[in-house]
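This report concerns only the one structure given below.
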Amino acid sequence: MATPVAPPKTRMPETPTPDLSPETQLELYWQMLRSRRLDERAWTLHRQGKIAFHISALGQEATQAGAAFALRRGHDYVLPYYRDLTLMLCLGFSAREFCLSLFGKQGEVTSGGRQMPAHFGLRRANVVGTSAPVATQVSHAAGVALAIKLRGDDRVALTCLGEGATSQGEWYEALNWAAIHRLPFICLVQNNAYAISEPVEREMAVPNVADRAAAFGMPGVMMDGNDVLAVYRVMKEAVDRARAGHGPTLVEAKTYRLTPHSSDDDDRSYRSREEVELWKKRDPILRLRQSLEAAGLLSRSRQDELEARAIAEVEDAVKFAQEAPYPDVASAATGVYAPAEQEG
Amino acid sequence: MSTNVIMPQLGESVVEGTVSKWLKREGDPVKEFDPILEVNTDKVDTEIPSPAAGVLLKVLVPEGTTVKAGTVLALIGQAGEAPDENGHQEPVRQSIGEPALAGPNGQPQRAAPTPALARAASPPRRDLGFISPVVAKLAEEHHLDLQLVTGSGQGGRITKKDVLAFVEAQSVPAGQAHPAQAEVPQHETQSELPPWEKPGEGDLFRPTELQFGVGQPGQILGAARETPRASEQPASTDDSIPVEGMRKLIAEHMVHSERTAPHVTTVFEADLSAVLAHQAGHAAEFARDGATLTLTAYFVAAAVAALKAVPIINSQWAEDRILLKREINIGLAVALEEGLIVPVIQRADEKSLLGLAREINDLARRSRARALKPDEVQGGTFTLTNHGVSGSLFATPIINQPQTAILGAGVMQKRVVVINDAIAIRPMIYLTLTFDHRVLDGAVADRFMGKLKEALEGWR
Amino acid sequence: MAEMTLIDAIRQGLDEELARDDRVFITGEDVGKRGGVFRATQGLFDKYGPERVIDSPLAEMSIVGVGIGAALYGLRPVCEIQFADFIHPAFNQIVNEAAKMYYRTNGEWTVPLVIRAPYGGGISGGLYHSQSVEAFFAHVPGLKVVIPSSPADAKGLLKSAVRDPNPVLFFEPKKGYRLIKGQVPEGEYTVPIGPAQVTRAGADLSVFAYGMMHYYCLQAAEKLAAEGVDVEVVDLRTLYPVDKPAILASVRKTGKALVVYEDNLTMGYGAEVAAIIADEAFTSLDAPVKRLAAPDVPGVPFSHPMQDWYMLNPEKIAGAMRELAAY
């Protein structure tokens, strides 16, 4: 009879992580706030009929900002998903660039206007351009991590997806590769409770995505995705592990999608207003604000100043994008193949 | 480079408009923001200002033509500039069929354009050029001397069509007009909620034209009504009034309504003493709050109460189902010199008597001033027509499609009535309900009217 | 010049590229210790080690997905799909990701990836070891699809594929792995991706083919030469992008065109070649454009008489050539 193999622990050992300085905490707050205001404005633009589509990060700002701050931004590779607006802003994607994508204007940095908004990509920040079929980026992240390891570089690959996308076979295959080869790979599952209209119970029979990590042979951790400091702590440990060559981690952030799936979804048919109201009280930005206020780090006037700055940035970005021209339609026929001289 | 004058999207659920009147002619100088044409959508006229200064180089869409939002209507440029007409298409005759009126939740029927077939004939040439396999085969079959056949293909080549045309009488297939359905997006407008809590349509990836109103230049949906050719008009000493604009729309709508719904009318009368007493007691107070309290406000309020009690009246026939409309949006027929218009009180059930009175004042005033917005004549679920203001005792109005019923209020008259076996004089009014017998039957209609009567007679 | 088989030429190409560029690595099922089920990578694991020749899990979707990721990072993966019949789980990654990455990122990200797979029937492989899949991928802008028909071309084209910054599908006619032998130039050389090649000049009719069928067409052409018919044979080699000028030039010369492919007839690759000829060489045509391909049934039957019924061979091809010549 074969000896059963003990599954690895599904929680990571407690290691002390540096606390974030007040400046960094305020910086986190700023990033979350500006993301929120930009996001809200995109909804308004859609309802005004000015843009065709918007898909939102509302409610998930802490998960994304906490993760971003744990990386060496601009150095590590990121393979995001369509909700990762906050993550992108933290990586240097600008409000103006986002608005260009909303309107499909010339200079749209990800795709030259070819892609819908939220198909993020930013070469200068090592963010790989994404598509729409979900979970494909997880395989890519495993591939990037494999390449990093083969080259002996000190980077990590972070990939994000929703809990629904973990139903894809692709996810299993990618995590399998990552575990087999002990790759510098972090998979952050942003469990926001719904895959469009389907709740978590429709996507899995286990209570936590993180519980699946044992099946692959890698650590799995989960945390309150609306507590940005907790997110940071967990992600920092995972990133440091990966960078040190100790292999991949599956991280699950428990959070909540405060808006319908996208600008054309009607969530009244599948969830109650009471549930949404309950989660509004757990708004990550509200929570951080309260804790910063309690610690005396965020005065009323500072808050107002940040608020005003966020709105000003949004106004500028929207105006900029509205006034920008459309791309030359001839460009749609170009850029199908890379020329021979181009090196990857 | 000339500037396009575009047909704007004049309301959230409005996707097209009719050019009713050009205020400038080709060659006229225009300043930026000068009104250059009037556009009509569902009987509401809007002036379109010029997007640029210059000269009106070319008018692309004649008066009376209905086009989609985004269509290029005209070109403005510098004097003497050649107008830049990309893809301009000839308007095509509209087949007479469904009327042009867009119902609140209905789908307007339109004829799609097809370009007129161009036939370029070139003179016959001795060198026949390339004879394609099918031409050779046809020539052999029909024993043709191809030298006799005119070639219309590239370089004067004889085409299959040329051969067939030569063999028999030309029969070029006419363009087929087929109805195109425009999606009319509906947006809820609830104030105070953040935009993501005012749900979208749930309709993913709508056609881009609906989002941005980007139509092709010259894409025309309904053609101008043909002016009758002289040969068709018998010589006559009668006067004639051209049918266009509002009259035309009303005519089409009425015919459509009568043809669609089996109309039945039931007549009730109501004693307005309680209402008059209330009005007398509250008119001053309402006036202070900026509202003239008219009987119409009471009729609307009573209709709302009756609709809530008998919701089947606030509905729409949909072939295999009856749609019970959640909102109660009451249209008010307002008589105008040239016809009538029906502005809608949205969500009348959410308004107090004061709110109703105010809104009725405003809508009536702006109706007469032709200052309604296109959205304001959309979305009605029930209509009230106060034909009594012109002296009518009672009438049998035509249902405002796609609604289920229309309430008529006659003139209020003091009449002799019998109360408790005694003769009394009361201010009475005949109220008629014309309803769609597909949706409901007389007993239900009478129940509604009973509630209406009760509401009016029991006013406190 | 050295004579070698198709599979040897492929292995040599891989070997040389692994040596030349340390960004190149191979992954796929059984490619390492086993040297590949067809021995395409035999000896390479011992020579280059487990970080250059990586045995993958049994997971085609992620063999390609991971390959894409590594290519995004700047490496040059050569991913093997063990049989073209098993490429379908990776279709999403190939068509939605690899093909579109450059275009969708406005040129910022490239996927210099090669996907190799043995394809084709006539080896008693039945429905699931005999498929031709080039039609699915030759339809996708952003991909390149290459099918060699000779050892010299196999090596040269494979080397070009590895060096191409775009995703290249490299389908190898497995029946010809050991059957097709030919001369291969010594030393460093590549064959450019793109141009077709006239492998036999002729005047009476043009036949267009690739892979195993091209090999057979040369044999059929020899038969017809003995009967006084001069057939021009064109090896298409790069299926996408299509070498239109070569195709049209040949048709303009001979006036008659036959397209031969071992895939199902309807909607197969040859259908597009025929359409191109009909569209752009219409006035040169002295006969209808003909296609010769497999019957429209869901796969190559196993039982060998049934397989023979399904598969093309030099006799069937010669028959089609004769008919066209006589038109």
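Just so it is clear, the model here is predicted, and its values are computed rather than measured. A note on names: the letters A, B, ... follow the listed sequences, proteins ahead of strands, and every chain is numbered from 1. Values reported hereafter were calculated over all heavy atoms of this structure, with side chains retained and with hydrogens, waters and symmetry mates removed.
The residues C:Arg23 and C:Asp21 are annotated as salt-bridged, a charged nitrogen and a carboxylate oxygen being separated by less than 4.0 angstrom.
For A:His181, the part lying under 4.5 angstrom from a heavy atom of chain C is the side chain only. Contacts of C:Ile63 with chain A are made by both backbone and side-chain atoms, with heavy-atom separations under 4.5 Å. Both the backbone and the side chain of C:Asn96 have a heavy atom closer than 4.5 Å to some heavy atom of chain A. When heavy atoms are compared at a cutoff of 4.5 Å, A:Tyr337 approaches chain C by way of both its backbone and its side chain. Only the side chain of C:Gln93 comes within contact range of chain A, with heavy atoms under 4.5 Å apart. Residue C:Met101 touches chain A through its side chain alone, counting heavy-atom pairs closer than 4.5 Å. Residue contact with chain A, scored on non-hydrogen atoms closer than 4.5 Å, involves the backbone and the side chain of C:Ser56 alike. Neither the backbone nor the side chain of A:Ala157 comes within contact range of chain C, judged by heavy atoms closer than 4.5 Å. Proximity to chain C is limited to the side chain of A:Gln115, based on heavy atoms less than 4.5 angstrom apart.
Taking the ring centre of C:Tyr103 as origin, the terminal cationic atom of A:Arg114 falls inside the region bounded by 6.0 Å and 45° from the ring axis. For the pair C:Lys144 and C:Tyr240, the cation-pi test (distance below 6.0 Å, angle within 45°) is failed.
Heavy-atom pairs under 4.5 Å with chain C peak, among A:Asn126, A:Thr130, A:Leu122, at A:Thr130. Residue with the most contacts toward chain C among A:Val138, A:Val109, A:Asn176, A:Asp153: A:Asp153 (heavy-atom pairs, distance under 4.5 Å). For chain C, the option among A:Leu146, A:Val336, A:Val128 with the highest count of heavy-atom pairs below 4.5 Å is A:Val128. For the set A:Gly112, A:Ala145, A:Ser131, the count of heavy-atom pairs under 4.5 angstrom toward chain C peaks at A:Ser131. In terms of non-hydrogen atom pairs under 4.5 Å with chain A, the most contact-rich of C:Gly142, C:Pro167, C:Pro141 is C:Gly142.
With respect to C:Phe83, the ring-ring contact (aromatic ring centres under 6.0 Å, His included) criterion is satisfied by exactly one of C:Tyr119, C:Phe38, C:Tyr128, C:Phe171: C:Phe38.
Side chains of A:Gln190 and A:Asp84: a donor-acceptor N/O pair is present below 3.5 angstrom, by distance only.
Aromatic ring centres of A:His140 and C:Tyr73: separated by at least 6.0 Å.
A perpendicular orientation is assigned to the rings of C:Phe136 and C:His88, their planes being inclined by more than 60° (bins at 30° and 60°). A:Phe93 and A:Phe98 have perpendicular rings, their planes meeting at more than 60° on a 0 to 90° scale where under 30° would count as parallel.
Rounding to the nearest 0.5 Å places CZ of A:Arg212 at 6.0 Å from OG1 of A:Thr166.
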